[in-house]
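Residue numbers begin at 1 in each chain, while the letters A, B, ... track the order of the sequences.
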Amino acid sequence: MAADPASLIDWSLLAFDPPGWGAVLLAGLMNSIKIAIGGYSLGLVLGTGGAFGKLYGGPVTKDLLEVYTTVVRAVPELVLILLLYYAGTDLLNRLAAAAGYGTVDISGLAAGIFVIGVVQGAYATEVMRGAIRAVPPGQIEAARAFGMPPLLILWRVTFPAMLPHALPGLSNLWLIATKDTALLAVVGFSELTLVTRQAAGSTKAYMLFFCAAGALYLALTLVSNLVIRLIELRARRGWVSTR
Amino acid sequence: MMSEESTIEATALTQLPSGRGFFKPHRLVLMAVAAAILFCAIWFMRWDWLPDYAGRLAHGVGVTLLMLVGTCLLGFLLAVPIGLVQVAGPWPLKLLAKGFCTVIRGTPLLLQLWLLYYGLGSLFPQFPAIRQSFLWPLLREAWPYGVAALTISFAAYEGEVMRGAFAGVPAGELEAARAYGMSRWKVFRRIWLPRAVHRALPTLNGETVLQLKSTPLVATITVIDVYAVVSKIRQVTYLTYEPLLLLALIYLCLTALLVLAFRYFENKIPTRSA
Amino acid sequence: MPGIGGDAPMTERAEAIAVRNLHKRFGALEVLKGISLTAYEGDVIAIIGGSGSGKSTFLRCINMLEVPSEGSVAIRGEPIAMRGDGHGGLVPSDRRQVERLRSRLGMVFQSFNLWQHMTIIQNVIEAPMQVLGVPRAEAIARAEALLRRVGLFEKRDAYPAFLSGGQQQRAAIARALAIQPHAMLFDEPTSALDPELVGEVLGVIGDLAREKRTMLLVTHEMKFARNVANHIVFLAHGVIEEQGPPDQIFGAPQSERLKKFIRSSH
Amino acid sequence: MPGIGGDAPMTERAEAIAVRNLHKRFGALEVLKGISLTAYEGDVIAIIGGSGSGKSTFLRCINMLEVPSEGSVAIRGEPIAMRGDGHGGLVPSDRRQVERLRSRLGMVFQSFNLWQHMTIIQNVIEAPMQVLGVPRAEAIARAEALLRRVGLFEKRDAYPAFLSGGQQQRAAIARALAIQPHAMLFDEPTSALDPELVGEVLGVIGDLAREKRTMLLVTHEMKFARNVANHIVFLAHGVIEEQGPPDQIFGAPQSERLKKFIRSSH
Amino acid sequence: AEPIKVGFAAEPYPPFASPDAAGKWEGWEVDFMKAACAQAKLDCVITPVAWDGIIPALTSKKIDMIVGSMSITPERLKTIDFSDKYYNTPTGVIGPKSEKFDATPAGLKGKTIGVQVATIHQDYANKYFGSAGATVKEYQTQDEANNDLAAGRLDAVQADAIALDAFLKSDQGKQCCELKGNVKDDPEVLGAGVGVGLRKGDTELKNKMNAAIKAIRADGTYDAFSKKYFDFDIYGG
Ligand SMILES: Nc1ncnc2c1ncn2[C@@H]1O[C@H](COP(=O)(O)OP(=O)(O)OP(=O)(O)O)[C@@H](O)[C@H]1O
Ligand SMILES: Nc1ncnc2c1ncn2[C@@H]1O[C@H](COP(=O)(O)OP(=O)(O)OP(=O)(O)O)[C@@H](O)[C@H]1O
Ligand SMILES: [Mg+2]
Ligand SMILES: [Mg+2]
């Protein structure tokens, strides 16, 4: 079978209207972004809680969080996703059943967000912990000396002061989150990677679709980088530039 | 400002929780709870399949380790020039290396893997020249594609690390080497490279752990690593949790092994706590 | 004149800060071994002593940044409520009371501790607005007046990192003044500064002293202490070794330790 | 006695380093404006001068760490071959020659520049083994003797990061001596050290000077320069403003600049 | 009422079920599911699930039934329940036109044969061909196995004869491959036809589906939509 380079690329497959797959790919991308944003936000919440727990919590809290961050950071995301996807929702269902709610309906989107969130939470815990420890204690002490209550200190001083230290790590995590969504393909969630595979499988235009998806991911990364740079610029106001 | 290296240290598991002062009263309670959970897991879950698959699991672990070590070594060999040209190369090479790192780091590994295997791999047979070549038996297999994808990915991430490491070697030490009459190659081989690697070790540690965690992706292209073995167990036994829990445990142990190995290397050349 | 221990002298002025029999232990180390001191409104008390003698700890006990192990502290006649912590120490029993009292003690640290993510004016209005609930416009007006006073009006929108040490410390003083404190607490306000910057900060503190603002001042600047304080307390090994008016302390020291300390600090 | 410019004094000793009409430009900035200096075997020449006067640049031009813009350098009578780089500057035309000549010039840097990934002894044997091809056993024996000499024998297996600055600099001197250099080049070997560590390094350099090792020494330690050097060169604005024996330079300086410099460096 | 979530394998399995570019699922099995649900008056929605995890998805109630060309086997019956069969087809083996062999253990000796994981074909291939010296390679999807056969990475693919037929009719399949024959039946492994997978104990749904299958068989609906895809009786004997 001779290869005809021209016939290798059939651009009409990327058209927006069926039978073009463009719209499907974009929908997949939207799903990926939704999960990435949701999972990342959940990860931030877990990470903030985890970081404060690890720094200021009781001994049991600290140990449990240590187990959480160690296990999540040592076990492949793919395995965690399978475990959490099945076990997590199963557990939730059983709890709901025990509480008398009957089965709760967990959408693939919610499950995906939950899974990515738990994974991200462990990493975010470590990033935030390092960042909080980098805040000079005098900054917090000064706030206490002015009679600020703990939560106010957290909100007005600790949080903004640690942000510049946390940002590089957090931006990294965001990029990881966008790419980890691809792993949800293995549980059949129709994010970008899975729809790419479906499109490629249906049309046999593997190269075309994988490259197209790669370009979409890359675009997402590049746009993210741009936004991250803007955020860093803003958060680092007040710091003498070190670069 | 946190450097790129410390970011990776924070995100990857590079240290094990220290054992010093381990035994505290609350820990004993926690350990009792953990033991109880473990006991329940052993008692109430099904593990009767384990002996049947022990051999295949061991083989799978072997494949995983082979993939890890092979791709890390190959990837590192690629990463050194990629890092070097970004620091000291002419601009076309610099741009090329930079672009390579950006593209690879900006797209999911799973996608790269499929692109290589299903995309590129399905183009090859259309060329009779390739089909007849001596490489064909190799190209028919799945593992070369897995090795290639993992190697490229590691090279891209490590290329960035090595760029930082090369740039971070104090200029004075290189100058000293030149001042004693070392040739450029000798300066590179004896001073610049070892010093950069030494600086990068903690980061390499983190990246290697991340690489270990990427290896199961090769199972999606029919390479039978430990993940694939466990998938198979799941499909045959219809057990949801037990094989996955075992798999998690295996990866935990492998990670611990890696971290310990790196600690050994790092301790070979002590650095003052920085 | 400040009162000493139990035998407070007759005076019309109200008590600003009254410390009774204060002890502070860090583990086995007893840093303060029973200190009593009363500052009346308008007093400027300088606390001197060797390194490690417990000066900072004493100051920090007053606004509960360190919790005393024993003894009591009263601000403007209101004793800070304390209870045992079950391990032989104390804890404040009412967090809100501590916060309220703290919000009227202006503390200035050795290392300034300005909030790096806020501009100078934001630093100054932060506590009045967030803790005392002063409306924004009023807080800004007051902050601008204070900044003008310490000579930093033009720097109002700069971030602390871009200021010299002396400017930062003056901003920290303005920040402390912004809460209209009953008393100011200074912990070695100039010892982190380059010698040529010390003067500008001492100038500001001297002005405050002349206004008869109540101040407790830990310092190593003996000449300055002698000029601005109306009472000197010499701390050594966790007790008040000697105290009195500046001329007496510096002119006619009684204890051997004080004599040696004064000699060595020239 | 070293020779100056063209009018070298009669002497039996061989030329160790001969620099003729050296210019060095960084872009538009001309740092060295024609310097000529000859060091004979056994000379100890101290180069002094204000900051930015080009002392380091001069020293670095000698072993081609900076490539001169004009002029010539000869080591032991062998001129370093240079050719035009096409932009009005020069480049060494024979890389191997440069490497060979460098391998006999022992340079000691202000910031030590010990290789951090090697132990002290590895640092010392590195150049002899890798560049000069000395067998390992011999290199080690020689290195141990040198380390004993600079008082670091017990630290032979330590990594540089664990040594004090003074120890690191002494190790760096041992490293430079290990190649059995024709001449030693010191660039402010003590100025990165804490004052209390300066003495131990100056002691070692003083010993070398008394052995009549050829040395070019950039330093800010005037007293030391006066004691150990047999010739002082005062650099200012890229030219040799004045030079001569120590007693003349320090005792009876001629130029205004040198007078001012000597006055200010007390 | 609560809609019934019908689990489909997310991976395309033409001509039974595959999503089109508009994201709509189509194929024989989709038509069957619609007809059966209409008959049983159930509100059914398609929920794509990775084939690999389709049984756990059922047991963990992410879906309520599986319409995924899943054969009824004794092994599966330990974990889940099945409705009556709704189709049954022989199992075939295909291979490249350039090589001549037949679908017997002897013919496949030394060959690499691709199957989809967690299928009866995998079990069969392992039992009969693997033990006879063939290498059995497992794929997540049938599609990938077919593709690797076309790409020359496989010597043979074993699967449902109908699925294979669809592939052989495609552009890719037409060029490279042909049917080498059907394998010898072994009901112990290949099961008793394809049924709707159900959770154990969900007898209400099971009864409804059994009734619905019987009804659409009886009233001709089944034959009507089957004609669109096949020119023979897919229900089997
Ligand atoms: N949080 C703490 N934990 C343990 N020991 C402490 C703590 N804070 C202070 N100390 C100890 O208490 C003693 C007194 O410290 P303090 O800071 O009050 O001294 P100081 O008089 O302010 O000295 P300096 O002039 O050096 O500031 C010192 O020995 C110090 O080490
Ligand atoms: N690589 C360079 N590029 C541009 N300018 C340089 C470079 N190296 C040195 N200079 C400039 O050349 C001048 C002389 O520098 P040099 O380091 O030789 O002075 P120095 O006499 O050693 O001073 P110091 O006592 O401070 O070490 C300075 O103005 C310096 O800024
Ligand atoms: Mg103090
Ligand atoms: Mg210099």
Proximal component of [X], with respect to chain B [non-hydrogen, under 4.5 Å]:
X	answer
D:Leu114	backbone
D:Arg60	side chain
D:Ile179	side chain

Looking only at D:Met64, D:Arg104, D:Met107, D:Gln110, the option with the highest number of non-hydrogen pairs under 4.5 Å against chain B is D:Met107
Among D:Pro181, D:Pro160, D:Ala172, D:Ala176, which has the most heavy-atom pairs under 4.5 Å with chain B?
D:Ala176
Charged tip of [X] within 45° of [Y] ring normal and under 6.0 Å:
X	Y	value
D:Lys24	D:Phe26	yes
B:Arg190	D:Trp115	no
B:Arg263	B:Phe265	no

Taking atom types as modelled, find out whether B:Ser153 and B:Gln112 have a side-chain donor-acceptor pair closer than 3.5 angstrom.
no
Between the side chains of B:Thr71 and B:Gln211, does any donor sit under 3.5 Å from an acceptor?
yes
Please look at B:Ala171 and chain D and tell me whether the side chain, the backbone, both or neither of the residue comes under 4.5 angstrom of a heavy atom of that chain.
neither
